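Take this structure, written in structure tokens, and hold onto it; I'll ask about it next.
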Amino acid sequence: MDGSQPLDPRKTIFVGGVPRPLRAVELAMIMDRLYGGVCYAGIDTDPELKYPKGAGRVAFSNQQSYIAAISARFVQLQHGDIDKRVEVKPYVLDDQLCDECQGTRCGGKFAPFFCANVTCLQYYCEYCWAAIHSRAGREFHKPLVKEGGDRPRQVPFRWN
């Protein structure tokens, strides 16, 4: 919507369950009306069939709009005949180093875990996840893990 704004992948959300007739511009207008600051919206399509997959991404120009959107967790998309509740969560990036140690504690491997809690919003290696999330108030945070590839599927170990 605002082409002058740079796209920040750390202010991008994943929207799951998008009705297939909904266009990206309509998704952008709905999210901008709800949270403000939308600078991009896209609908994921099947590369072979060129048909919408039912998921999309929305990038915001500011942290406040991004946090408001992920805090909602679900949003009601209303447009014309469309009225559907869809899931909203942070878009998890590939190939991110741990924000805590920059890869020094995990041999330079990419961080497999993202903490979507608004008090964190960081990528962590297994070591740093365990260290940071054993602290009081953070022990109940749940990591988001990017699906696909060789990413681990279980929650990392905890320090006792």
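Keep in mind the model is a prediction, meaning the values are calculated, not measured.
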(Q) For Phe114 and Tyr123, take the angle between the two ring planes, folded into 0 to 90°, and tell me which bin it lands in: parallel under 30, tilted 30 to 60, perpendicular over 60. (A)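 Geometry flag for Tyr123 against Phe114: tilted rings.
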**Report entry** Modelled atom types, side-chain donor and acceptor of Arg10 and Gln96, under 3.5 Å
**Finding:**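 Judged by distance alone, the side chains do pair up.
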Just by modelled atom types, is the Gly37 backbone N or O under 3.5 Å from a matching donor or acceptor in the Asp32 side chain?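 Here the side-chain-to-backbone pair exists.
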message = Show, in sequence, the C-alpha distance, side-chain angles and deciding distance for Ile132 and Tyr124, and conclude whether the side chain to side chain contact (heavy atoms under 4.5 Å, CB included) test is met.
response = CA-CA 9 Å; Ile132 298 295; Tyr124 295 99; 3.9 Å; yes
Q.
Applying side chain to side chain contact (heavy atoms under 4.5 Å, CB included) to Arg105 and Cys128, what does each step give before you reach the verdict?
A. CA-CA 8 Å; Arg105 295 185 186 125; Cys128 290; 3.1 Å; yes
Would you say the side chain of Cys101 lies within less than 4.5 Å of the side chain of Cys125, judging by non-hydrogen atoms?
yes
Would you check if the side chain of Thr12 reaches a backbone N or O of Tyr91 as a donor-acceptor pair within less than 3.5 Å?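 The answer is no, because no donor-acceptor pair under 3.5 Å joins these two groups.
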Note to self: Determine whether a donor-acceptor pair (N or O, by modelled atom type, separation under 3.5 Å) exists between the side chain of Ser61 and the backbone of Val38.
What the structure shows: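 The answer is no, because no donor-acceptor pair under 3.5 Å joins these two groups.
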Under 3.5 Å donor-acceptor, Thr45 side chain and Lys50 backbone = no
* Flag the pair Leu121 / Cys115 as yes when at least one side-chain heavy-atom distance between them is below 4.5 Å, and no otherwise. =>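 The answer is no, as the side chains (C-beta and beyond) never meet within the 4.5 Å cut-off.
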- [ ] Decide yes or no for Leu77 and Pro19: does some side-chain heavy atom of the first lie under 4.5 Å from some side-chain heavy atom of the second?
- [x] yes
In the structure I gave you, are the side-chain heavy atoms of Leu7 and Cys39 within less than 4.5 Å of one another anywhere? yes
key: Note, Asp44 side chain near Arg57 side chain (heavy atom, < 4.5 Å)   = yes
Same apolar cluster: Phe74 and Ile13, side chain cutoff 4.5 Å:
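In one cluster: no.
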TODO: Return yes if some donor-acceptor pair links the side-chain N/O of Lys84 with the main-chain N/O of Gln78 below 3.5 Å, else return no.
DONE: no
Applying side chain to side chain contact (heavy atoms under 4.5 Å, CB included), run through Ser134 and Glu139 and close with a yes or a no. CA-CA 5 Å; Ser134 63; Glu139 64 273 16; over 6 Å; no
* Answer whether the closest heavy-atom distance between the side chains of Leu27 and Met31 falls below 4.5 Å. => yes
Stepwise side chain to side chain contact (heavy atoms under 4.5 Å, CB included) check, Val15 with Glu87 | CA-CA 6 Å; Val15 184; Glu87 181 181 21; over 6 Å; no
Which of parallel (below 30°), tilted (30 to 60°) and perpendicular (above 60°) describes Trp129 and Phe113?
tilted
pair Tyr66-Asp8: side-chain heavy atoms closer than 4.5 Å: no
Review point. Is the side chain of Arg85 donor-acceptor paired with the backbone N or O of Gln76 at a distance under 3.5 Å, no angle test?
Key: no
| query | Quick one: do Asp95 and Lys109 make a salt bridge, cutoff under 4.0 Å? | reply |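 Judged by the 4.0 Å cut-off on N to carboxylate O distance, Asp95 and Lys109 do not form a salt bridge.
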Centroid-centroid distance, His133 to Phe140, less than 6.0 Å:
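Aromatic pair excluded; centres sit 6.0 Å or further apart.
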